[in-house]
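Reviewing the structure listed below.
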There are 2 protein chains.
Amino acid sequence: MSARTDDALAAEWHRLMGRYQRLMCVLDRELGAEHGLSASEFEVLQQLEQAEECSLRMSVLADGVHLSQSALSRLVTRLERDGLIERKSCSQDRRSLFVALTDAGRTRYADARPTQRRVLREEGSDCLEQPA
Amino acid sequence: MSARTDDALAAEWHRLMGRYQRLMCVLDRELGAEHGLSASEFEVLQQLEQAEECSLRMSVLADGVHLSQSALSRLVTRLERDGLIERKSCSQDRRSLFVALTDAGRTRYADARPTQRRVLREEGSDCLEQPA
DNA sequence: ATGCATAAGATGCGCAAGCAAATAATGCAG
DNA sequence: CTGCATTATTTGCTTGCGCATCTTATGCAT
C-alpha cells in the first residue's frame, strides 16, 4: 500500500516538474525577448502591483515569489538598477526595507502582462488545471 | 471573460511555482545531504532504472528529465565521474550515446529512493494531488 | 565520390540560484 | 548603560542552467 502511494506521489512529482520546467522556460524566453524581464522579475512586479501602495517588505516579497532571501536581494538590485522599483527604508525598523514600484515599473508590468498571459494560455492550457 | 480566465491561469501558475520550488528545494537539500545527489541526478538514475536494460539515449533521457540537452550532457559527465553511470557508444549511429547505470549507480539509487519518497510524503501531501 | 543540410553531443559563456557567513539594527535581561 | 540573542538584509562562494556555437557523424542528391 505504502509503496503504491509512494510511486503515485513520485509520478505526480515528475509531472509537476515537467509542467513547471516547460512553462518556466517559455516564459523566461518570451518575457526576456519582448520585455527584458525574467519570469521571476515579472512575478516581483506583479506582487508589487497587487500590493497596497505598491510596496512590500523584502521578506514578505521573498515569500510571495518563492525565492530565497539572497536571491530576492539580488533580483531587487537588478530591478532597481533598471529603474523599475525603488528600495525605501522603513522609519519604524531600520533593518527592514520596503520595495516599491516606480512609474517605469508599472508601465513595464503593464506591457509585459499580456505576453505572460498569452504564454500561459498557449502553453498552460494542458498544464494548469482549474483552481480546486 | 478572457481576463478572468487569464487571471485564473496566472493564479494557478503561481501556485504551481510555489509547489515546485518548495519540493525541489527540500529534495535537493535532503538528497544532497544524505546521498550526494541533486534532485535532477536522482531523476536521471530513476529513469535509467526503469528503462529497458537500464540504458537510454542521451536525447531521450534529456526529454525524460525535462532538462536542456547541454544540462543533461554535463549532468551525465558528473554522474560518470562519480562512477554511477557509463556512456556507451552506439555502433549503429556513432553520433548517439547510450547512458547506462553501473552497479554503483543502482545501489545509490536504491539507497536514495526511500529518502526521496519520504520527502514527497512529508512535503508533498498538500502539494501533489492524486493523478487525474 | 563530393557537397551540403541535418542530427547528436560537447563546450564557452554569462547568469541566477542556494547556502553560509557577514553586517546592521532591535530589544531585552542584568 | 552593557552585553547578548534575534531579526532583516547583503555578500562571498560554488554550482547548475540555458543559449549559442562547435565538432563529429549521417545520409541524401548530384
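Just so it is clear: chains get the letters A, B, ... in the order the sequence lines come, proteins before strands, and each one is counted from 1.
Non-hydrogen atoms lying under 4.0 Å from DNA chain C are contributed by A:Ala71, A:Arg74, A:Arg78, A:Asp93, A:Arg94, A:Arg95, all within residues 71-102 of chain A.
As a whole-Å value, the separation of A:Glu43 CD from C:dA17 P is 12 Å. When rounded to the nearest whole Å, the span between CE of A:Met24 and P of D:dC19 equals 13 Å. Rounded to a whole Å, the CG atom of B:Leu31 is 14 Å from the P atom of D:dG16. C:dA10 atom P lies 12 Å from atom CZ of B:Arg57, rounded to whole Å. The distance between atom CD of A:Gln21 and atom P of C:dA16, rounded to the nearest whole Å, is 17 Å. The distance between atom CE of A:Met17 and atom C1' of D:dG16, rounded to the nearest whole Å, is 13 Å. Taking atom CG of residue A:Leu67 and atom P of nucleotide C:dC19, one finds them 11 Å apart after rounding to whole Å. To the nearest angstrom, P of C:dG18 lies 12 Å from NE2 of A:His66.
One donor-acceptor pair, N or O on each side, does fall under 3.5 Å between the base of C:dA10 and the side chain of B:Gln69.
Applying side-chain hydrogen bond (donor to acceptor under 3.5 Å, both in side chains) to A:Asp6 and the options B:Gln116, B:Arg118, B:Arg121 leaves one that passes, B:Arg121.
Salt-bridge annotation for A:Arg106 and A:Asp103: present, with a side-chain N of the basic residue lying under 4.0 Å from a carboxylate O of the acidic one. Taking the charged nitrogens against the carboxylate oxygens, B:Arg113 and B:Glu49 have no contact shorter than 4.0 Å, which rules out a salt bridge. At a threshold of 4.0 Å, the pair B:Arg117-A:Asp7 counts as salt-bridged, since one of the basic side-chain nitrogens sits closer than that to a carboxylate oxygen.
Side-chain polar atoms of A:His14 and B:Gln47 form a donor-acceptor pair below 3.5 angstrom.
Taking 4.0 angstrom as the limit, A:Arg29 places none of its side-chain polar atoms (N or O) nearer than this to OP1 or OP2 of D:dG18.
Each of A:Ser70 and B:Ser59 was matched to the nucleotide of DNA chain C holding its nearest heavy atom; the match closer to the 5' end belongs to B:Ser59.
Judged purely by atom type and a 3.5 angstrom limit, A:Ser89 has no side-chain atom pairing as donor or acceptor with the backbone of A:Leu97.
For the atom pair CD of A:Glu12 and CZ of A:Arg15, the computed distance is 4.0 Å after rounding to the nearest 0.5 Å.
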